[in-house]
Amino acid sequence: LALDGANGEAANNLATLIEETGQQQEALDLYRLATRSRPNLADGWFNLGNALEKRADLPAARQALERAAALRPSSAKTLAALIAARRKLCDWAGLDAQVAQLRAMIAAPQFSADPEDAPSPFGMLSLMLDPDAQLQVARVHSAGIVAKVTPLMAELGALERQNRPPGAPIRVGYLSPDFREHPVAQLMAGVLEAHDRDRFEISAWSLGPDDASPYRRRIEAGVDRFEDIRALDPVAATRLMREAGLDIVVDLAGYTAHARPEILALRAAPVQVNYLGYPGSMGAGFIDYALVDQ
């Protein structure tokens with residue numbers, strides 16, 4: 001790509017697609033190209049900062065996110081990302097003022113009008129925002145997910161319940177990117193194994209990497225069906241889960257890393273539940289229940 005403004009935006013857009021496929025270094029190189037060729041591209045600096053943070057280059061991530069925040073001072077998503085990078089660096093000077101500024105942005109009426117600018121709800125859980133503010137962030141974020149998948153719903157059609165004989169086992173599918181060496185897997189392996197197989201048919205739907213760990217193998221062996229769907233797009237993944245005739249999907253990821261709430265927004269099952277992996281409300285109409293302690 002030639003280094004000009006138009007190609008700078010093209011490089012940024014291409015990088016976001018490449019990053020979704022796991023090509024982190026290639027995406028990082030393109031974000032750098034985008035910001036060199038178009039220095040006033042706020043999205044480019046924001047994406048560069050996030051990519052650098054994933055590679056644990058926190059000082060460079062902070063610089064990129066500071067540039068993005070200067071170019072787009074009204075962006076809650078950008079300010080939230082900058083605050084997160086600064087906290088990881090123990091860079092406390094003036095941080096309380098930035099958190100207060102973020103709170104004010106979330107409370108403003110215009111916040112709900114732009115789902116694309118909603119911060120990650122997961123990142124907000126550790127900022128000690130009041131519950132109403134956390135719920136507002138989750139609701140706006142979920143509205144953005146619904147807007148993203150609404151054009152895809154026609155490809156799937158309406159969700160139809162499968163007719164099965166009375167007394168047939170209830171089909172429960174667990175959806176997670178963390179069927180690997182991860183706290184969720186460590187907590188869930190025994191749960192999956194302990195289900196009453198006379199009453200329930202248990203499946204696991206994996207969104208994350210296969211690390212060949214003992215926990216991965218234990219979960220694969222501990223369910224009636226194990227499917228690795230990380231390479232499928234949301235429509236294909238949802239279609240496969242629907243074809244399995246699931247009665248209930250238990251999502252173990254919420255808005256954490258590698259989660260795929262788009263599948264839930266497309267309705268993989270008649271009943272969809274938030275449990276364990278995300279300790280907060282998803283603020284989403286496509287989640288019917290949350291399993292929590294008192």
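Everything numeric here is computed off the predicted structure, so don't read it as measured data. All values below come from the heavy atoms of this structure, side chains included, with hydrogens, waters and symmetry mates left out.
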Within this structure, what is the CG-CZ distance for the pair L52 and R55, rounded to the nearest 0.5 Å?
8.5 Å
Between D29 and Q25, do the side chains contain an N or O donor and an N or O acceptor separated by less than 3.5 Å?
yes
Interatomic distance, Q63 atom CD to D57 atom CG [nearest 0.5 angstrom]
8.5 Å
Pairs under 3.5 angstrom only: tabulate donor-acceptor contacts from the side chains of residues 253-266 to other protein residues two or more places apart or in another chain.
unit_1: Y255; atom_1: OH; unit_2: M282; atom_2: O; d: 2.7
unit_1: T256; atom_1: OG1; unit_2: A253; atom_2: O; d: 2.7
unit_1: R260; atom_1: NH2; unit_2: L232; atom_2: O; d: 2.6

Spell out, yes or no, whether W205 and I287 are grouped together once hydrophobic residues are joined by side-chain heavy atoms under 4.5 Å, including indirect joins.
yes
Is there a salt bridge (charged side-chain N to carboxylate O under 4.0 Å, His left out) between R139 and D132? Walk through the geometry before answering.
CA-CA 10 Å; R139 282 176 171 161; D132 287 339; over 6 Å; no
To the nearest 0.5 Å, what is the distance between CD1 on I170 and NE2 on H195?
11.0 Å
I83 and V99: side chain to side chain contact (heavy atoms under 4.5 Å, CB included), yes or no, with the steps?
CA-CA 7 Å; I83 289 170; V99 173; 4.1 Å; yes
Under a 4.5 Å side-chain heavy-atom rule over Ile, Leu, Val, Met, Phe, Trp and Tyr, are L79 and L129 clustered together?
yes
Donor-acceptor pair, distance only, cut-off 3.5 Å: does the side chain of D228 make one with the backbone of R230?
yes
Quick one: pull up OH in Y174 and CG in D251 and give me the separation to the nearest 0.5 Å.
12.0 Å
Please confirm whether the backbone N or O of A244 pairs with a side-chain atom of R171, one donor and one acceptor, at under 3.5 Å?
yes
Check for a donor-acceptor pair, side chain of T35 on one end and backbone N or O of R32 on the other, with a separation under 3.5 Å.
yes
Give the C-alpha distance, both sets of side-chain angles, the deciding distance and a yes or no for side chain to side chain contact (heavy atoms under 4.5 Å, CB included) between S203 and V223.
CA-CA 6 Å; S203 56; V223 295; 5.8 Å; no
Given the rule that I, L, V, M, F, W and Y join up when any side-chain heavy atoms are under 4.5 Å apart, are L82 and L58 in one cluster?
no
Check ion pair E19-K54 (N to O, under 4.0 angstrom)
yes
Under 3.5 Å, side chain of H182 to main-chain N/O of V184, donor-acceptor pair present?
yes
Residues pairing under side chain to side chain donor-acceptor pair (under 3.5 Å) where one sits in residues 272-294, two or more places apart or in two chains, turn out to be R267-D288
Can a donor-acceptor pair be found, under 3.5 Å and without considering hydrogens, that links the side chain of N12 to the backbone of A34?
no
When rounded to the nearest 0.5 angstrom, what distance separates CE in M105 from CD in Q98?
9.5 Å
Let me check something: do F111 and L125 share a hydrophobic cluster, defined by ILVMFWY side-chain heavy atoms less than 4.5 Å apart, either directly or through other members?
no
Is the backbone of A76 close enough, under 3.5 Å, to the side chain of D117 for a donor and an acceptor to pair up by distance?
yes
Test item: R239 side-chain N/O and E155 main-chain N/O as donor-acceptor pair under 3.5 Å:
yes
Does the pair R62 and E66 meet the rule for a side chain to side chain contact (heavy atoms under 4.5 Å, CB included), with working shown?
CA-CA 6 Å; R62 176 183 57 190; E66 284 174 341; 3.6 Å; yes
Okay, side chain of R86, backbone of D91: is any donor-acceptor separation there less than 3.5 Å?
yes
Measure centre to centre between the rings of H141 and F122, then say whether the value is under 6.0 Å.
no
Can you name the one residue among R180, R216, E220 that meets side-chain hydrogen bond (donor to acceptor under 3.5 Å, both in side chains) with S206?
R216
For E116, is there an ion pair with K77 - N to carboxylate O distance below 4.0 angstrom?
no
Distance check, rounded to the nearest 0.5 Å: L41 atom CG versus R36 atom CZ?
13.5 Å
Criterion side chain to side chain contact (heavy atoms under 4.5 Å, CB included) on W45 and Y31, from CA distance to verdict
CA-CA 8 Å; W45 288 107; Y31 288 137; over 6 Å; no
Taking the basic N atoms (NZ, or NE/NH1/NH2) and the acidic carboxylate oxygens, is any pair closer than 4.0 Å for E201 and R225?
no
Would you call F46 and R72 a side-chain contact if the rule is heavy atoms closer than 4.5 Å?
yes
With a 4.5 Å heavy-atom cut-off, do P59 and L89 have their side chains touching?
yes
same_hphob_cluster(L156, V149) at 4.5 Å side-chain heavy-atom cutoff:
yes
